[in-house]
2 protein chains.
Amino acid sequence: MFSKTCEYAIRAVLYIAQMSKNGEKVSIKSISKGIDSPEHFIAKILQELSKKGLVQSLKGPTGGFYLSEHSKKHSLADIVKAIDGEKIFTGCGLGIGQCSEEFPCPIHNDFKVIRKKLFDLLQKTKVNEFNTQLEAKLAFLKKNHT
Amino acid sequence: MFSKTCEYAIRAVLYIAQMSKNGEKVSIKSISKGIDSPEHFIAKILQELSKKGLVQSLKGPTGGFYLSEHSKKHSLADIVKAIDGEKIFTGCGLGIGQCSEEFPCPIHNDFKVIRKKLFDLLQKTKVNEFNTQLEAKLAFLKKNHT
DNA sequence: TTTATAAAAGATATTTTTATCTTTTATCGA
DNA sequence: TCGATAAAAGATAAAAATATCTTTTATAAA
Ligand code: FES
Ligand code: FES
């Protein structure tokens, strides 16, 4: 569905949202452990998200990643777009050049409904809305939640 | 959503279904043109689908690809499983080890609904059900339908 | 001001996906 | 039986995704 990079990205942002909710900053090491991803790889991904303004960061001691008030309101769709692009939301399910009503692929009519539902879900979901669930361990960001 | 390989695979099978509906056989060259895919690449993919019994083939002059009565009843989900595996139907949307009710990721509850809808759509759709639409040019398998 | 820290940036490596090319095998028709 | 045809099989190549390592820069605290 999403690229691995994108999966890591979403999990990282949700992790940062939870861990920084009272103004703390979160290190790459902590994120890497918290979402079970390769440390250097998630660093690269966060660099990209930082450039695009989806997360904030500060260098140096006591530095780390956090979310501005604005960034807390970003949606999961924003992250997917930043990493994987728009294809999943607007592209043809069978990969013909362009999705269009005029020259539809065979599954166009059914597929566009599902694609829309996926977009709506990701669009309405904001990155800071899972903080309490994560805190209460009612939701998880990695397999080994021990 | 699907890999490029999988997109080609589905389009190829739909093309074969249409072109071979009266017992004709379809060459790789024809398929490659009909769905606008690299000739050698679609050959490899069809080899795989043939091994797995999703399409039939015959070598030699007048040879080519076709669908047995049984193969005509296969679903798009069967093709997706054969090429991309089950991940898209059963895997976690955020890529944590396993999707489970017990240790769900934050989007689990919403995501599983969409994943299910996608599966149901692909499962109920059989490869031979677009023959007349394709014939009538009401649906297309490539961008340049000229 | 110096030192330690942590992210940014840049370079490199590995793996997987996508694509191409060549040789072999099966089958048909002459 | 022979030659042409078309897919199967195997080898190789190119591109993209994933991952790692090293150096640089910014920042804070001592
Ligand atoms: S044309 Fe294929 S999904 Fe719209
Ligand atoms: S655990 Fe993530 S989708 Fe079920």
Candidates [options] - which lies nearest the side chain of [X]:
X      : options                  : result
K59(B) : dA7(D), dA19(C), dC28(C) : dA7(D)
S3(A)  : dA4(D), dT18(D), dT20(C) : dT18(D)
S27(A) : dA19(C), dA7(C), dT22(C) : dA7(C)
S57(B) : dA8(C), dA7(D), dC28(C)  : dA7(D)
P38(B) : dA7(D), dT20(C), dT27(C) : dT20(C)
K44(B) : dG10(D), dA9(C), dA29(D) : dG10(D)
T5(A)  : dT18(D), dA8(C), dA11(C) : dT18(D)

For [X] and [N], what is the distance between atoms [atom1] and [atom2] respectively, to the nearest whole Å?
X      : N       : atom1 : atom2 : value
E48(A) : dT18(D) : CD    : C1'   : 14 Å
H40(B) : dT23(C) : NE2   : C1'   : 12 Å
R11(B) : dT18(C) : CZ    : P     : 13 Å
K25(A) : dT27(D) : NZ    : P     : 11 Å
F41(B) : dT18(C) : CZ    : P     : 6 Å
I45(A) : dA7(C)  : CD1   : P     : 15 Å
E39(B) : dC21(C) : CD    : C1'   : 12 Å
K29(B) : dA7(D)  : NZ    : P     : 9 Å

Q) For dA19(D), does OP1 or OP2 lie under 4.0 Å from any side-chain N or O of Y8(A)? A)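 Y8(A) to dA19(D) OP1/OP2: side-chain N or O found under 4.0 Å.
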Q. Would you say a side-chain N or O of T62(A) is under 4.0 Å from OP1 or OP2 of dT5(C)?
A.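 So the side chain of T62(A) is outside the cut-off, no N or O lying under 4.0 Å from OP1 or OP2 of dT5(C).
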Q. Base, sugar-phosphate, or nothing: which does I28(A) touch, judged by heavy atoms less than 4.0 Å apart?
A.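 Since only primed, P, OP1 and OP2 atoms lie under 4.0 Å of I28(A), the category is sugar-phosphate.
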Q) How is V55(A) classified with respect to the nucleic acid when contacts are heavy atoms under 4.0 Å: base, sugar-phosphate, or nothing? A)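 No contact.
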(Q) Show, in sequence, the C-alpha distance, side-chain angles and deciding distance for V127(A) and D78(A), and conclude whether the side-chain contact (heavy atoms from CB on, under 4.5 Å) test is met. (A) CA-CA 10 Å; V127(A) 299; D78(A) 293 330; over 6 Å; no
Q) Does any N or O donor sit under 3.5 Å from an N or O acceptor when you compare the side chain of Q47(B) with the base of dA9(D)? A)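 Per atom types, the contact qualifies.
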(Q) Given the structure, check if the side chain of K4(B) and the base of dT18(C) hold any donor-acceptor pair shorter than 3.5 Å. (A)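 Side chain to base: no pair present.
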Q: Determine the interplanar angle of the F140(B) and F103(A) rings, folded into 0 to 90°, and report it as parallel if under 30°, tilted if 30 to 60°, perpendicular if over 60°.
A: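 If you compare the ring of F140(B) with that of F103(A), the planes turn out perpendicular.
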(Q) Please verify the inter-ring angle class for F41(B) with Y8(B); under 30° counts as parallel, over 60° as perpendicular, anything in between as tilted. (A)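 Perpendicular: the ring planes of F41(B) and Y8(B) meet at over 60°.
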**Q.** Nearest-nucleotide 5' precedence on DNA chain D, K51(B) against L58(A)
**A.**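 Going by which nucleotide is closer to the 5' end, it is K51(B).
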Q. Want to settle it: does I42(A) or A43(B) sit nearer the 5' end of DNA chain D, counting the closest nucleotide to each?
A.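 The 5'-side residue here is A43(B).
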(Q) Do the side chains of D120(B) and K116(B) get close enough for a salt bridge, i.e. N-O under 4.0 angstrom? (A)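 Salt bridge flag = yes for K116(B) with D120(B).
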**Q.** Polar side chain donor-acceptor pair, S50(B) to Q56(B), under 3.5 angstrom
**A.**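 Judged by distance alone, the side chains do not pair up.
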Q.
Under the criterion side-chain contact (heavy atoms from CB on, under 4.5 Å), I'd like the reasoning laid out for E39(A) against K29(A): C-alpha separation, chi angles, the key distance, then a yes or no.
A. CA-CA 6 Å; E39(A) 194 176 320; K29(A) 243 186 242 308; 3.5 Å; yes
